[in-house]
Amino acid sequence: MYNFSPMKKPDYLRRIMEINRISLSEVDSTNNYAAKLLLEGKVPHGTVISALHQYQGRGQRSNTWESAPGQNLTASWVLHLDNSHFEKIVALNKAISLAIRNSIAHYLPKSIVKIKWPNDIFVNEKKVSGTLIETQMHADKTATLICGIGVNVHQTKFQSVKATSLFQENPNLDIALDDLMENIHQNIALYFNEWNSCNSTKIEQEYLSQLLGMNERRSFEHQGNVIEGVIIGVDEWGRLKLETKDGMLMFQAGDIVWQ
Ligand code: BTN
């Protein structure tokens, strides 16, 4: 059961990206739900599917995404692109990370909010948000993105000591999940517009300026070995560039794990 209704929004946003909301009380995964809707027919650009309880949330690399019912944001945005160039899609992934980062920084203005490559959002070196972007390429060279975003909002108990929530970082915060969702929607709309209208260099530079560990020495695990290196960037293919004792090495997301 869901409500499908336009939300109130500022005029500038209406021109950029309409918001169509599908609010579910529970679902296996909002990304799965979006994929099923796309199979059934047209889903407008900017549709966002949110659920109060996601009981089989999916994370990157086939991980699960656990989220306490009713406490966090679990939502998926459907974005239609008229261009399926791989580098353009990588740049859009970076733009979406910046959009989420800025929303979280809006609620935690006194905290250090960074993007952990490729697209986690970390506050004070703990994870507050994860993103699972699933891309569908079409024969006519257009593409559709299902952009699933989980933000820990009110939850205070986590299995991992490296997880946090907005409330845990600032117990004075009283955030309505819908307000956070709308704030993220506005930022996605703004960055989508920027991505559409400019070359990717500006987005790439901004992404690097917000990257956790940029120009710092960090350790990773790669095929059972520890690799140490200074993070010197992320290329247009989305690969992490590390300056190591063996020279510059580049890694795809999933090939190395942060330590
Ligand atoms: C990760 O950090 O591994 C990515 C987590 C992505 C979680 C979100 S919650 C909404 C959407 N639906 C899912 O099943 N996953 C994403």
Side-chain angles (χ1 to χ4, degrees), residues 2-3 7-10 13 19 21-31 33-34 48-60 63-77 95-133 147-191 207 209-213 258:
Y2 61 82
N3 303 319
M7 286 176 64
K8 275 206 324 205
K9 54 199 171 292
L13 181 60
I19 181 167
R21 279 206 62 183
I22 299 176
S23 308
L24 306 167
S25 44
E26 66 169 20
V27 73
D28 54 349
S29 151
T30 54
N31 270 34
Y33 192 92
V48 47
I49 298 135
S50 61
L52 283 174
H53 181 202
Q54 190 179 240
Y55 50 85
Q56 261 171 32
R58 295 190 288 114
Q60 290 169 21
N63 288 326
T64 55
W65 180 259
E66 310 289 344
S67 185
Q71 296 197 19
N72 303 315
L73 181 74
T74 49
S76 300
W77 274 256
I96 289 166
S97 298
L98 284 164
I100 305 164
R101 191 221 82 94
N102 287 359
S103 287
I104 287 167
H106 166 80
Y107 288 101
L108 297 174
K110 294 190 182 145
S111 301
I112 297 171
V113 183
K114 290 280 179 189
I115 299 167
K116 184 176 171 196
W117 175 81
N119 58 11
D120 289 339
I121 308 299
F122 268 53
V123 177
N124 299 326
E125 302 250 348
K126 287 185 172 185
K127 180 163 171 170
V128 71
S129 168
T131 304
L132 176 67
I133 298 181
C147 175
I149 299 172
V151 182
N152 298 330
V153 181
H154 299 294
Q155 192 169 333
T156 49
K157 291 195 179 110
F158 298 98
Q159 282 175 357
S160 163
V161 289
K162 287 190 175 169
T164 190
S165 64
L166 295 176
F167 177 80
Q168 199 151 285
E169 293 303 313
N170 180 0
N172 297 319
L173 268 181
D174 182 18
I175 304 177
L177 297 181
D178 273 359
D179 290 347
L180 172 63
M181 194 210 65
E182 195 163 347
N183 190 291
I184 291 176
H185 184 86
Q186 292 188 15
N187 276 325
I188 289 178
L190 287 173
Y191 274 95
Y207 178 87
S209 75
Q210 298 299 346
L211 194 64
L212 182 74
W258 290 71

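Just so we're clear, the structure is a prediction, and the values are computed from it rather than from any experiment.
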Compare all side-chain heavy atoms of [X] with those of [Y] and state whether any distance is below 4.5 angstrom.
{"X": "Val48", "Y": "Ile19", "value": "yes"}
{"X": "Tyr207", "Y": "Arg101", "value": "no"}
{"X": "Thr74", "Y": "Trp65", "value": "yes"}
{"X": "Val128", "Y": "Phe122", "value": "no"}
{"X": "Tyr107", "Y": "Asp179", "value": "yes"}
{"X": "Asn119", "Y": "Gln60", "value": "yes"}
{"X": "Ile121", "Y": "Ile115", "value": "yes"}
{"X": "Lys127", "Y": "Ser160", "value": "no"}

Begin with the C-alpha distance, continue with both residues' side-chain angles, and end with the deciding distance and a verdict on side chain to side chain contact (heavy atoms under 4.5 Å, CB included) for Ile149 and Ile188. CA-CA 11 Å; Ile149 299 172; Ile188 289 178; 3.9 Å; yes

What donor-acceptor contacts under 3.5 angstrom involve side-chain atoms of residues 164-174, with partners at least two apart or in another chain?
| unit_1 | atom_1 | unit_2 | atom_2 | d |
| --- | --- | --- | --- | --- |
| Thr164 | OG1 | Glu169 | OE2 | 2.6 |
| Ser165 | OG | Gln155 | O | 2.6 |
| Ser165 | OG | Gln168 | N | 3.0 |
| Glu169 | OE1 | Asn124 | ND2 | 3.0 |
| Asn170 | OD1 | Asn172 | N | 3.0 |

Say you draw a straight line from [atom1] of [X] to [atom2] of [Y]; how long is it, rounded to the nearest 0.5 Å?
{"X": "Arg58", "Y": "Thr30", "atom1": "CZ", "atom2": "OG1", "value": "9.0 Å"}
{"X": "Lys114", "Y": "Leu211", "atom1": "NZ", "atom2": "CG", "value": "8.0 Å"}
{"X": "Ser103", "Y": "His185", "atom1": "OG", "atom2": "NE2", "value": "11.0 Å"}
{"X": "Tyr33", "Y": "Ile22", "atom1": "OH", "atom2": "CD1", "value": "5.5 Å"}
{"X": "Ser97", "Y": "Trp117", "atom1": "OG", "atom2": "CH2", "value": "12.0 Å"}

Residue pair [X] / [Y]: nearest heavy atoms and the distance that separates them:
{"X": "Ser76", "Y": "Gly148", "value": "OG-CA, 3.7 Å"}
{"X": "Pro69", "Y": "His53", "value": "CG-CD2, 3.6 Å"}
{"X": "Val151", "Y": "Ile104", "value": "CG1-CD1, 4.2 Å"}
{"X": "Gln54", "Y": "Ser29", "value": "OE1-CA, 3.5 Å"}
{"X": "Leu73", "Y": "Val153", "value": "N-CG2, 3.8 Å"}

Taking Leu132's backbone N and O only, do any of them form a donor-acceptor pair with Asn31's side chain (distance below 3.5 Å, no angle check)? yes

Is it the case that the side chain of Ser129 and the backbone of Gly150 share a donor-acceptor pair, with hydrogens and angles ignored and the cut-off at 3.5 Å?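 A pair under 3.5 Å: yes.
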
With a 3.5 Å cut-off and no angle check, do the side chains of His154 and Gln71 form a donor-acceptor pair? no

Distance only, no hydrogens: is a donor on one side chain within 3.5 Å (strictly under) of an acceptor on the other, for Asn72 and Ser67?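 Looking only at side-chain atoms, Ser67 and Asn72 do form a donor-acceptor pair, the distance falling under 3.5 Å.
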
Show, in sequence, the C-alpha distance, side-chain angles and deciding distance for Arg21 and Asp178, and conclude whether the side chain to side chain contact (heavy atoms under 4.5 Å, CB included) test is met. CA-CA 10 Å; Arg21 279 206 62 183; Asp178 273 359; 2.9 Å; yes

Given Ile100, which of Asn102, Leu98, Ile96 fulfils the side-chain contact (heavy atoms from CB on, under 4.5 Å) condition?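 Looking at Asn102, Leu98, Ile96, the match for Ile100 under the side-chain contact (heavy atoms from CB on, under 4.5 Å) is Ile96.
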
